[in-house]
2 protein chains.
Amino acid sequence: MEYNLDNIYQRLHELEYKITPQRQIILKAFIDNATEHLSAEEVYNIVKERDPNIGLATVYRTLDLLAELEILQKLNFGDGKTRYEIGQRGEHHHHHLICLKCGRVEEFDHDFLESLEQAIAKKNNFTIIDHEVKFYGYCQKCSK
Amino acid sequence: MEYNLDNIYQRLHELEYKITPQRQIILKAFIDNATEHLSAEEVYNIVKERDPNIGLATVYRTLDLLAELEILQKLNFGDGKTRYEIGQRGEHHHHHLICLKCGRVEEFDHDFLESLEQAIAKKNNFTIIDHEVKFYGYCQKCSK
DNA sequence: CTTCCTGCAAAACATTTGCAGACTT
DNA sequence: AAGTCTGCAAATGTTTTGCAGGAAG
């Protein structure tokens, strides 16, 4: 599934959420920065250039809404702020390599978890909806 | 490696950290609640029964220290507070099943990641030190 | 028009910090 | 005795909330 704007607008519309200019530019910020992991403050700064009157509270409320609709995914890298990335609904695999030295976060995809998931689900009587994998270590630059 | 108190005290001593009564009762709180994932506030409440004069700031400072020494492991389940568990140094495998409905966190162990880790490390030129895996879904009770 | 959404300011939390006194070693 | 550690209170940083006006459907 694509994260294109028309799909998302349609989804908001179906659920009777209003498509306000603020919501539009916040979404655009994520599409323009699809590889980033933006915090509320960072989104706010990006979005302020387009609409200097936007309020930080609106950003927080919009991020909450979009995360609830699973248009965005909440992330936490232990730096004290919640971060978000735009993610494919249904295809849950957002895995990260987090550098312990410089803090850089790389992404990687891997389909390895599917079969494991089933084993874990069975063994623990747990219905798995999503998973998250983080590897902590040192990136190429910092390994030297 | 065991997380017994004598080992930990010895380690603190080697590193010239003082073994104060506050640090002792905070450590004891984790040993008495080895299966829990305690937040600072929760530790504070446990510890206050033994020493009503202890300060919350001391708890925070102690948790920071113990996490830095890798005696405790920081956890984040997206509830806005950092949580900690006492963990085996060296043997990094703290994986969690997080119920999206009731919020309960179960633990599970699995050694599956070792070989995968090597593949990822090689492919991404990343030196992996630790990993963290979370499965989100519904626990047995909430699945019904 | 009706209801939801926004911006602002204040409030609410979690966590950190400065400082003077107390305690470990 | 020296230096670390503690408790308190104030400060900080992030996120939430109340409210009155404004905009989307």
Side-chain angles (χ1 to χ4, degrees), chain A residues 5 8-29 37-69 71-72 74-84 103, chain B residues 5 8-29 37-69 71-72 74-84 103:
Chain A
L5 275 177
I8 296 174
Y9 289 166
Q10 192 181 331
R11 218 152 149 258
L12 289 173
H13 187 257
E14 281 166 12
L15 296 167
E16 305 198 305
Y17 289 108
K18 296 185 173 165
I19 296 168
T20 66
Q22 292 89 338
R23 285 173 180 173
Q24 293 182 42
I25 58 177
I26 289 170
L27 270 167
K28 189 167 181 327
H37 311 101
L38 301 173
S39 67
E41 193 80 34
E42 287 168 354
V43 172
Y44 179 57
N45 288 326
I46 292 170
V47 139
K48 240 189 334 194
E49 293 186 12
R50 214 168 260 259
D51 173 2
N53 293 319
I54 199 167
L56 181 55
T58 299
V59 173
Y60 274 102
R61 282 186 284 230
T62 302
L63 296 180
D64 268 6
L65 173 66
L66 296 176
E68 211 142 299
L69 300 184
I71 292 164
L72 298 180
K74 282 192 177 187
L75 303 173
N76 190 300
F77 299 132
D79 64 349
K81 19 198 138 191
T82 303
R83 296 178 170 279
Y84 297 83
Chain B
L5 275 178
I8 295 173
Y9 289 165
Q10 192 180 330
R11 227 163 138 250
L12 289 172
H13 187 257
E14 280 165 12
L15 296 167
E16 306 198 305
Y17 289 108
K18 297 188 171 161
I19 296 168
T20 65
Q22 292 89 337
R23 286 173 178 173
Q24 293 181 43
I25 58 176
I26 289 171
L27 271 166
K28 190 169 181 323
H37 311 101
L38 302 173
S39 67
E41 193 80 36
E42 287 168 353
V43 172
Y44 179 58
N45 287 327
I46 291 170
V47 141
K48 240 187 338 191
E49 294 186 12
R50 214 169 259 257
D51 173 1
N53 293 320
I54 198 166
L56 182 53
T58 299
V59 173
Y60 274 102
R61 282 187 282 232
T62 302
L63 295 179
D64 268 5
L65 173 67
L66 296 176
E68 211 143 299
L69 300 184
I71 292 164
L72 297 181
K74 280 192 179 188
L75 303 173
N76 189 300
F77 299 132
D79 64 349
K81 17 198 139 190
T82 303
R83 296 179 170 278
Y84 299 83

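In what follows, every chain begins at residue 1, and chains take the letters A, B, ... in the order their sequences are listed. Because the structure is predicted, anything quoted here is derived from the model rather than measured.
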Residues within residues 37-47 of chain B bordering DNA chain C, heavy-atom distance below 4.0 Å: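 Correct list: empty, so none.
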Counterpart residues, side chain to side chain donor-acceptor pair (under 3.5 Å), relative to B/Lys48 (two or more places apart):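 B/Lys48 satisfies side chain to side chain donor-acceptor pair (under 3.5 Å) with no other residue.
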What residues, two or more places apart in sequence or in another chain, satisfy side chain to side chain donor-acceptor pair (under 3.5 Å) together with A/Arg83?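 Per chain and number, A/Arg83 pairs via side chain to side chain donor-acceptor pair (under 3.5 Å) with A/Glu42, A/Asp79.
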Give the first and the last nucleotide of DNA chain C, reading 5' to 3', that has any atom under 4.0 Å from a heavy atom of chain B.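 Range of nucleotides touched by chain B: C/dA14 to C/dT25.
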Can you tell me how far apart CG (B/Leu63) and CG (B/Leu38) are? Round to the nearest 0.5 Å.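 Rounded to the nearest 0.5 Å, the CG-CG separation comes out at 9.0 Å.
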To the nearest 0.5 Å, tell me how far A/Leu72 CG sits from A/Thr82 OG1.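 The OG1 atom of A/Thr82 is 12.0 Å from CG of A/Leu72, to the nearest 0.5 Å.
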Decide side-chain contact (heavy atoms from CB on, under 4.5 Å) for A/Tyr84 and A/His37; before the verdict, give the C-alpha distance in whole Å, the side-chain angles of both, and the deciding distance to 0.1 Å. CA-CA 5 Å; A/Tyr84 297 83; A/His37 311 101; over 6 Å; no
Partner residues of A/Tyr60 under the ring pair (Phe, Tyr, Trp, His ring centres under 6.0 Å) criterion, sequence neighbours left out: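 A/Tyr60 satisfies ring pair (Phe, Tyr, Trp, His ring centres under 6.0 Å) with no residue once adjacent residues are dropped.
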Determine to 10° how strongly the helix from C/dC1-D/dG25 to C/dT25-D/dA1 is bent, judged from the axes of its five-pair ends.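 That helix has its two terminal axes inclined by roughly 40°.
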For B/Asn76, all residues meeting side-chain contact (heavy atoms from CB on, under 4.5 Å), sequence neighbours excluded: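 By the side-chain contact (heavy atoms from CB on, under 4.5 Å) rule, B/Asn76 matches A/Asn76.
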For the residue pair A/Ile71 and A/Leu27, establish whether any side-chain heavy-atom pair is separated by less than 4.5 Å.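 The answer is yes; the side chains approach within 4.5 Å.
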Enumerate, atom names and distances included, each donor-acceptor pair closer than 3.5 Å involving a side-chain atom of residues 16-26 of chain B, sequence neighbours excluded.
residue : atom : partner : partner atom : Å
B/Thr20 : OG1  : B/Arg23 : N            : 3.2
B/Arg23 : NH1  : B/Lys18 : O            : 2.8

Run A/Ile8 and A/Leu69 through side-chain contact (heavy atoms from CB on, under 4.5 Å) and show every step you take. CA-CA 10 Å; A/Ile8 296 174; A/Leu69 300 184; over 6 Å; no
Which residues within residues 57-66 of chain B lie with some heavy atom under 4.0 Å of an atom in DNA chain D?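 Residues of residues 57-66 of chain B that come under 4.0 Å of DNA chain D are, in numerical order, B/Ala57, B/Thr58, B/Arg61.
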Using a heavy-atom distance cut-off of less than 4.0 Å, which residues of residues 14-25 of chain B contact DNA chain D?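 Only B/Tyr17, B/Lys18, B/Thr20, B/Gln22, B/Arg23 qualify.
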Give every donor-acceptor pair under 3.5 Å between a side-chain atom in residues 50-58 of chain A and any protein atom, sequence neighbours left out.
residue : atom : partner : partner atom : Å
A/Asp51 : OD1  : A/Asn53 : N            : 2.9
A/Asp51 : OD1  : A/Ile54 : N            : 3.4

Could you report the tightest heavy-atom contact between A/Ala29 and A/Ile46, atom names first, then the distance?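 Closest approach of A/Ala29 to A/Ile46, heavy atoms only: CB-CG2, 3.8 Å.
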Considering residues at least two apart in sequence or located in another chain, which fulfil the salt bridge (charged side-chain N to carboxylate O under 4.0 Å, His left out) criterion with A/Lys81?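 Counting only residues at least two positions away or on another chain, A/Lys81 forms no salt bridge (charged side-chain N to carboxylate O under 4.0 Å, His left out).
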